[in-house]
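Notes for the one structure printed next.
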Amino acid sequence: MTQIYSKIKEIFIESAILALNIERSIFENINFNVEKPHEEKNGEISSNISLLIQKTVKENPIEIAQKISTELLKRDEFIKVEVAKPGFINLWLSTSMWQNHLDETLKLNELIDCNIGKGLKVNVEYVSANPTGPLHVGHCRGAVFGDVISNLLKKTGHVVVKEYYINDAGSQINNLTDSVYIRYQELLGKKFSEYPENFYPGNYLIPVAEHFKIEYADKLLKMSDQDRFSLIKPFTIQYMMGLIKEDLSSLAINQDIFVSEQELVSKGKIEKAIKKLDDAGLIYEGILDPPKGKKPDDWEARPQMLFRSTEYGDDVDRPLQKSNKEWTYFANDIAYHFDKFERGSNHLIDILGADHGGYVKRMTAAVAALTDKKATFSAKLCQMVKLSRNGQQMKMSKRSGEFITLREVVDEVGSDSIRFMMLYRKNEAPLEFDFDKVTEQSKDNPVFYVQYAHARISSVIGKLSENNFDLDLSNYDQCDFSLIANKYEIDLIKKIADWNKVIESAASLQEPHRIAYFLYELSSVFHSLWSQGKIDSNLKFIMPDNKNLTYARIGLLDLTQRTIKSGLDLLGVSAPHEMN
RNA sequence: GCGCCCGUAGCUCAGGGGAUAGAGCAACUGCCUUCUAAGCAGUGGGUCCGAGGUUCGAUUCCUCGCGGGCGCACCA
């Protein structure tokens, strides 16, 4: 038994059945709580079971609670049971319950035991930045979020594909190619007094132009536009993706698959997906109403090929073709999501910036329509990151090319800090990233607090040899955990016992910030216990005259450290053995 | 106008049908001859935006407001 809460929940059910002479089946639709109350006077474990079953049982909840309590008291797991005000049942566990939890958990190879996925195949698409330059800070939240969601889903029984969609078929790629050619011409001595409106001004295109100068000297000038274009474009895309992959790997992100939009187009995937919608009667020629907000200046009513997304909950039907009969971005994206499904995924997750929120309904509709609802789609929107330094808001200007790159931030504050801070907020909440706080005043950064706890434990274990203790830390069979009885120690075990509940809620709600917060809290309980050793030397971990007690306490530390490590691993943050 | 997200301590934010709503920062007070003080213990600080509704119970769920962010054919 590793999950103390689920064990106790089962005991509640058994006791209720005995006490009230009811059928087990009534609990199929009643999900009562078994949880740690806020306040200690309300017990170590509390349940609202009688409040929730009062309607079914048709008795006063206090009376129900008293009957269940009588049964509970017969069990030796509990030393005290109380019924409180409206009908709560509050329990106090025998210390041995917690000691056993420590003992049993320590013997597990894998601390996380949660299989909510049951083998469900999930595709997580994240970052998918246009390959027009290096990643900037704005990309890093979605990058980290997507990465950790993937880790979390994998750990909880899902089969996960981590994916990046390369938007290499749109007009911005043409602009990029033109920009490289301009840089190339500059290298050959031509002066531009003014750049075209769609020019990509970043210096990162100059090395690309240099490549062409070295390889081809001035031959590109004499080529036809067509030939030159088809020479520059693929190389540039490949080069940009190289930059992007380096950026990602600096943040410890490595996706499994990179899918090219251009390739989907050339393979005819778009026509295939559209045909499927057409066969289902979901496509028609029509004229959309003008947008209700600000009407575009160049608005004109025109017939277009439309997808009947309103059949699947969207607000309006969506265009699939532009007026020049080219496919819209949405049409390509429909084909791309269908491709994910055909490759075997049954749940598709897109990690998007909040500015793409308007996209969610139409894609949900498209996935439902294309897969006969055999696959589901969900978008996780990350709100914007506000950067500040010295209390000043840092503005980003993409047009001037003066944006802060992801790499600059990694170089300054490090991957661990960025990853942790990006996860220390709920994804729907805006995030304030203060350079001063994550660098100079490092104590304000929770990642150090958690890593410090991990390192401190290594430090204690390292001191064992100085005391000539020969303890087997790979096997605690000979360890007597009944010696772990101090309140601060039991508090630590209780906190550790929450770990699987945290994993389960983080995974099912797809809210990885819960892990970061848990790690902070666990670290806090540990630091508190540590400090007790400074106040009362009988509470130090290493007791030179008491090997058995030391062994048991080291066992507790070992489990604490492994729990922290398993959490940091999920977050992709390192677990150092010493701080420096 | 419509859609999505947000509104909780001075600041940044967790939480969430449950009992007296939490953390960090900032302010104030203690604790290093000791396993790392990047730490610990303590004090002060709240109309959980507002109004209704559902409920034994709402800060949490629903509706309607108010305030803020984002988005709203033929861009990606």
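The analysis underlying the following values was restricted to heavy atoms, covering all of them including side chains, and did not include hydrogens, waters or symmetry mates. Lettering of chains follows the sequences in order, A, B, ..., and the numbering in each one begins at 1.
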Of the listed C5(B), C56(B), U20(B), the closest approach to the Lys85(A) side chain comes from U20(B)
Could you work out which one of A14(B), A37(B), A19(B) sits closest to the side chain of His38(A)? A19(B)
Side chain of Asn42(A) (C-beta onward), nearest among G18(B), A76(B), A19(B): A19(B)
Nearest to the side chain of Tyr517(A), heavy atoms from C-beta on, is which of C35(B), A14(B), C56(B)? A14(B)
Describe the nucleic acid contact of Gln54(A) in one word from base, sugar-phosphate, nothing, applying a heavy-atom distance below 4.0 Å. base
At less than 4.0 Å, is any side-chain N or O atom of Lys426(A) found next to OP1 or OP2 of G15(B)? Yes or no. yes
Ignoring hydrogens and angles, are the base of A76(B) and the side chain of Asp168(A) linked by a donor-acceptor pair under 3.5 Å? no
Measure all distances between protein nitrogen or oxygen atoms and nitrogen or oxygen atoms of nucleotides 40-47 of chain B, and list the pairs falling under 3.5 Å.
residue	atom	partner	partner atom	Å
C40(B)	OP1	Tyr449(A)	OH	2.4
C40(B)	O4'	Ser531(A)	OG	2.7
A41(B)	OP1	Ser528(A)	OG	3.1

Among A38(B), A76(B), A19(B), which nucleotide has an atom closest to any side-chain atom of Ser46(A)? A19(B)
Decide yes or no, distance alone: a donor-acceptor N/O pair under 3.5 angstrom between the base of A14(B) and the side-chain of Arg514(A). no
Can you find a donor-acceptor N/O pair under 3.5 angstrom joining the side chain of Arg425(A) to the base of C13(B)? no
I need the OH-P distance between Tyr520(A) and C25(B), as an integer number of Å. 6 Å
Mind checking Glu39(A) for me? I need base, sugar-phosphate or nothing, with any heavy atom below 4.0 Å counting as a touch. base
Hey, is Phe88(A) doing a stacking thing with A19(B), by the 5.5 Å centroid and 30° angle criteria? yes
Its glycosidic angle compared against 90° from 0, C66(B) adopts the form anti
With a 3.5 Å distance limit and no angle check, can you tell me whether Asn427(A) reaches the backbone of Leu381(A) through a side-chain donor-acceptor pair? yes
Candidate nucleotides C35(B), A76(B), G18(B), ranked by approach to the side chain of Tyr359(A) - the nearest: A76(B)
Shortest non-hydrogen contact from Gly533(A) to Lys540(A)? O-CG, 3.4 Å
How many angstroms lie between OG in Ser523(A) and CZ in Phe518(A), if you round to the nearest 0.5 Å? 9.0 Å
Roughly, in whole Å, what's the span from CD in Glu511(A) to P in A14(B)? 10 Å
Using the benzene-type ring in the case of Trp, are the ring centres of Tyr126(A) and Phe145(A) under 6.0 Å apart? no
Should the heavy atoms of other residues, nucleotides or ligands under 6.0 Å from CD of Glu285(A) be counted, would the total exceed 12? yes
Mind checking whether Tyr284(A) and Phe307(A) have ring centres under 6.0 Å apart? no
Asp315(A) has its side chain closest, among G3(B), A76(B), A73(B), to G3(B)
Between Tyr424(A) and His513(A), is the ring centre distance below 6.0 Å? no
What is the distance, rounded to the nearest whole Å, between atom CG of Leu539(A) and atom P of G39(B)? 21 Å
Under 4.0 angstrom, heavy atoms only, what part of the nucleic acid is Glu521(A) near: base, sugar-phosphate, or nothing? nothing
Only one of Thr563(A), Thr560(A), Ile490(A), Val525(A) passes side chain to side chain contact (heavy atoms under 4.5 Å, CB included) with Lys495(A); say which it is. Val525(A)
